[in-house]
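Structure first, commentary second.
Worth saying up front: this structure is predicted, and the values here are computed from it rather than measured. Sequence lines set the chain letters: A, B, ... in the order given, protein chains first and strands last, and positions in each chain run from 1.
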Amino acid sequence: MSAPSNMRVFVPCDALSIALGADEVADRLVAEAASRSLDVTVVRNGSHGLFWLEPMVEVEVDGVRHAYGPIDADDVPELLDAGLLEAGPHRTSLGPTHSIPELERQTRLTFARVGVIDPRSLDDYLAHGGFDGLRRALTMAPGDVVGEIETSGLRGRGGAAFPTGIKWRTVLGAPATPKYVVANADEGDSGTFADRMVMEGDPFCLIEAMAIAAHAVGASHGVIYCRSEYPHAIATLEYCIDVAPQHGWLGSGIAGSGLDFDIEVRVGAGAYICGEETSMLESIEGKRGMVRPKPPLPALEGLYGKPTVVNNIITLASVPWILANGGAAYSAHGVGRSSGTLPVQLAGNIRRGGLVEVPFGITVRELIEGYGGGTASGRPARAVQIGGPLGAYFHDGQLDTVLDYEAIAAAGGLLGHGGVVVFDDTIDMAAQARFAMEFCAAESCGKCTPCRIGSTRGVELIDKIVIGERRSADVAQLEELCDVLEHGSLCALGGLTPYPVRSAMQHFPEDFGLGDRNSDQNFEQKVGESN
Amino acid sequence: MIRDRTLSKRRQPERPSLPADQASIVSAVLAANQLDPTRLLVVLQQVQHELGFVPNDAVGQIAVGLGLSRAEVHGVISFYHDIRTEPAGRHVLKVCQAESCQATGGRALTQHIQDVVGCELGDTSADGAITLEAVYCLGLCAASPAVMIDERPIARVTVARIDRVVESARSAS
């Protein structure tokens, strides 16, 4: 039998895959293939997001990708012996990638290419529908492009869930020039990594989206503000921003049109608050990341005081699909006012952690149990934090809540950026509430007194409640403090820190020495009604 | 009396300045950023990349170069966790303190790392090999707990794994 020729073997270059050993696997594959004189090209793709299977190795045979995982570098010789290049059976075989159950059941619109393509290859991007959205947008009037986004019902995926079309319409209508497009890649919420996966797995999609936004609102300059904790994403973005103008996809006269638009990558410096849009604008301008009061809206007076579109990475990454397939096709997914899909990130103490893109409307339980497979520790799940460090903690009885913006809000939480962090029954919820206040104190920009000082007072009060010398008075004072934070802060950091604190106290009172929510009928009235 | 103090202050020698080699690096960074004050954070990041930290004695030069006050430059330096005013150890180990890692034993792991390295988060080990830093999320949350040494991410960290990482960081130059 002759050895197969020009085979493509895929090993992800995604940061988490690398953190699990993907570079070693790729190096070993190259070395083994060379020593066996095999005609193999090792392609570094993004990750499909099935992280319990990473590092995942795929081989393309007759146009079908077959997956193996998780693979250790030391498995590589035996994997080749087993006939990797003919998709031969091995103890790590997962079958055709597209039929892995956790992937097959997803609805991948925004993440359609992530894991599939080589993120640095413009040819790969074009071969998978890349720039179709921009091509169509350039044939349309700016107002019609905005109209397509309005039709899609797309809402900001960064957390605020503001309708993207309205934001773009505002910038389009603003008379001042120049206008800017800012991509918020300061993905600081614990339990979230969808932005990182797009930047590392499908970076040209972000470039395409920003160019569409530029055409829609009349912007000439774009900035991607990426957090410094993502060195791999930064390197990939910088590479692609260098490549795109050489092929006419950035710069002057994009794709033969009259659109002139360039993009610069700015790197954050470890400040969580810079994920807040006005703080980010200050940071891009070279200043301390102090939150600005709104109004004026950034849409009218944003970067350097000019009209600015500020969108989250996932919001933007949804745009090319919408333009290529139509806003109505997008809004056909989802429920109620939450249209389209949400890339959910399963994290924390979970057996099958990773990225799950599904239409809005799935229950939290289906995500955690159906996709996630329960806790990694095998112990019962006790608490689930949805929406990052400013999101509420949910208890087991709330897991049938449907995942959409309104339903999560009605359950006292917020969907945020779609991060879902699972905790098992060893977690101390008083410590989690304390951490929420501590985090607020550490990351406050210092502009608003409730956030700057109240957060430290909150830590002290939670300590006092746990010690329990004058518990009911301290609980009342913490409640009052939470009210002040919620209503007296300019931005979401101070305004939402009460969410994890109150929900922890309300749903897990026993951890605060406040009796059991199941045995104390009056408890809910005593502690948390105001939430 | 007050007037005398003002005069004596005027007669004070210049603030200490950077060694010439460092000053020329700072100058080059300022020039590469067109002396643009809106690029202050970029300037600080590039100075830190070149020198390993932003020396206090560089503040004046950066302020003059960008047409800002020393207070404005200091304000930006002190705002951002990444910008350091002292040199770090030979390796920087960032240990995630955020919720996803807390859910997977991150608090105990952090304690173990501090014990093994021999310093608290925010400090450098006595032999100068490792600086420990707290970080709030590395985006590796599907396989927590996570750390990053220099720019190398490590996920699903165990005690045995971190011991090997610390050991090799100590022995490497």
Residue from A:Phe435, A:Tyr304, A:Phe439, A:Phe51 scoring the most non-hydrogen pairs under 4.5 Å with chain B is A:Phe435

Crowding at CD, B:Glu151 (>12 non-hydrogen neighbours, <6.0 Å): no

Give the member of A:Ala233, A:Gly419, A:Gly286 that has the highest number of heavy-atom pairs under 4.5 Å with chain B. A:Gly286

Assess whether a salt bridge exists between A:Arg196 and A:Asp14, defined as any Lys/Arg side-chain N lying under 4.0 Å from an Asp/Glu carboxylate O. yes

Hey, are A:Asp186 and A:Arg266 close enough for a salt bridge, meaning a charged N less than 4.0 Å from a carboxylate O? no

Shorter than 4.5 Å, heavy atoms on both sides: which option in A:Gly388, A:Gly268, A:Pro500, A:Ala442 has the most such pairs with chain B? A:Gly268

Salt bridge (Lys or Arg N to Asp or Glu O under 4.0 Å) test vs A:Arg382 passes for just one of A:Asp424, A:Asp428, A:Asp511, namely A:Asp511

Does any backbone or side-chain atom of B:Val76 lie under 4.5 Å from a heavy atom of chain A? Answer side chain, backbone, both or neither. both

Among B:Val42, B:Asp82, B:Ile83, B:Ile154, residue most engaged with chain A (heavy-atom pairs, under 4.5 Å): B:Asp82

Between B:Arg39 and A:Glu264, does any side-chain N to carboxylate O distance fall below 4.0 Å? yes

Quick one: what part of B:Gln45 sits under 4.5 Å from any heavy atom of chain A, side chain, backbone, both or neither? side chain

Looking at chain B, which one of A:Gln345, A:Arg352, A:Arg227 has the largest number of heavy-atom pairs inside 4.5 Å, strictly under? A:Arg227

